[in-house]
Amino acid sequence: MLPRHIQTLGDLLERVKLVHFSKLRGIHGHFCLWYSTLSTCNEMPKKLNKFERKPLVTSFNELKREARLKKKERQMVHEIVLQPPENGMLVKNLIPVAHEVFAARCELLSCVSRLVNYTAIYVCSLCGEVHVGHPPHKIRTCDVRGSPSSKEHSWVKGGVEHVLPLVESFHLYDRIGRAVSHNEMLEVDRIPAIVELCVQAGFDIPEYPTRRRTFPVYCVAGRIIDFEKRFPKEMSLGADIEAHGFWYKKKKLNEDTNSMVMHSDNIQAIAVMGMKAWEKMCTGASKLMEKYPVQTCGYCPEVQVGPKGHRVRNCQAFKHQMRDGQHAWQKATINDLAPPVCVYHIRDQQATKPLVNELKRYYGMLPAVVELFAQAGAPVGKNYASMMREDVVIPEIDEEKWVV
């Protein structure tokens, strides 16, 4: 009973304080404004510390149960029926999706590269935080080694790579073959992870050949057996991957990706087109990832498209010495493949004045690319409504002192 009475007294004191504040401001109690004091948006991905691991898509108990079942199946000498794409074949109904995702990515890059000429992009030279729009905010959140004691950001001009960060993956000639070893890290090409996902799902790029099977592989006692007779047995899986010409091919791929030139001068139309391309790319990539697995390191942003991660020992994240530089692979999400850079959302009435540190808990957040399109006039979807927090009334600085 005692905790219950204490809670009741606390509610009464809170009501008395609100009525007192409303009288001081000359506002009737029935029309008192309520301000939300939530400091962060739950829908945006949480910024992890260096020692924290990314949240697992599948729990450890489920992973252990699957591992025990696979071990039992390997002990029984019989054929394990594999379904596409595990047997090396393509999922036919996802081939058009792969083409749509690649086309949406090309269109998205073209729209962003056009809009960055009209909207200012700022990036902190110390912590890497991004801000879309002019002037940059004055929120003191720069807390890294070498930052000033005031925690103010050191803003410099940014570009497309800060709005859409590039995540690369090793290109696999045979997606069910062996993983890339540490000695092959300079011999195997690296391409954007979404492009590699589209290639493995059925999109063909002449510069990056991949093996397309006409007959499936078989799994007997946990061992993959390939009976396809088109390839001789002495042929190695990586023979078709050319080690030379990497930089030329990478430059050519980027030129082909940005080849869609926007001839329209209507900035709002370009923003609407880019917003649709962003949503189409994310939706299509998520659909592909349901069948074609993608791996990511639990501590660093490294991504590998394929059923297993590579063996390159280049992880420099938390306790990488304990793993001898190897990555802690786990199942990836769409945020690992296309990371949304979180930026503060600027409303129409805030376009001429910077965001201040005293009112940071009232501001909403959006992915940088969505904020770029929103400032150019594109309508934002309902799935971003709670992140923008436009239903929250932003008080003046002197009013904020009363709402503590």
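Computed from a prediction, not measured in an experiment: that's the story for all the values here.
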Within the structure provided, determine whether Trp155 and His137 are in side-chain contact (heavy-atom separation under 4.5 Å). yes

Where is the tightest heavy-atom contact between Glu168 and Arg190, given as atom of each residue plus distance? O-NH2, 3.3 Å

Matching residue for Phe203 among Phe102, Tyr208, Tyr292 - test: ring-ring contact (aromatic ring centres under 6.0 Å, His included): Phe102

Taking Glu302 for the side chain and His327 for the main chain, is one N or O donor matched with an acceptor at less than 3.5 Å? no

Given side chains that start at C-beta, do those of Lys280 and Glu107 come closer than 4.5 Å, heavy atoms only? no

Whether over 12 other heavy atoms sit under 6.0 Å from Glu161 CD: yes

Taking C-beta and beyond as the side chain, do Met365 and His345 meet within less than 4.5 Å on heavy atoms? no

Donor-acceptor pairs under 3.5 angstrom involving side-chain atoms of residues 86-97: please list them, not counting sequence neighbours.
| from | atom 1 | to | atom 2 | distance (Å) |
| --- | --- | --- | --- | --- |
| Asn87 | OD1 | Met89 | N | 3.2 |
| Asn87 | ND2 | Leu82 | O | 3.4 |

Look at the side chain of Glu196 and the backbone N and O of Ile191, then say whether any donor-acceptor pair between them is shorter than 3.5 Å. no

How far apart are the C-alpha atoms of Ile267 and Leu115, what are their side-chain angles, what is the distance that settles it, and do they pass the side chain to side chain contact (heavy atoms under 4.5 Å, CB included) test? CA-CA 7 Å; Ile267 303 303; Leu115 290 179; 3.3 Å; yes

Take atom NZ of Lys138 as the centre, draw a 6.0 Å sphere, and report whether it contains more than 12 heavy atoms from other residues, nucleotides or ligands. no

Between Glu279 and Lys276, does at least one N-O distance fall below 4.0 Å, as a salt bridge requires? no

Return yes if a side-chain donor-acceptor contact under 3.5 Å exists between His310 and Glu184, otherwise no. no

Flag, side chain of Asn357 to backbone of Arg140, donor-acceptor distance under 3.5 Å: yes

Would the distance check show the side chain of His162 and the main-chain N or O of His131 forming a donor-acceptor pair, the cut-off being under 3.5 Å? no

Are Asp336 and Val294 side-chain neighbours, meaning at least one heavy-atom pair lies under 4.5 Å? no

Report the C-alpha separation of Thr58 and Lys331 in whole Å, then their side-chain angles, then the decisive distance to 0.1 Å, and conclude whether the side chain to side chain donor-acceptor pair (under 3.5 Å) test is met. CA-CA 8 Å; Thr58 308; Lys331 188 176 181 180; 5.1 Å; no

With side chain to side chain donor-acceptor pair (under 3.5 Å) as the test, pick out the partner of Thr141 among Glu152, Glu129, Lys360. Glu129

Between Gln326 and Arg323, the two heavy atoms sitting closest are O-NE, 2.8 Å

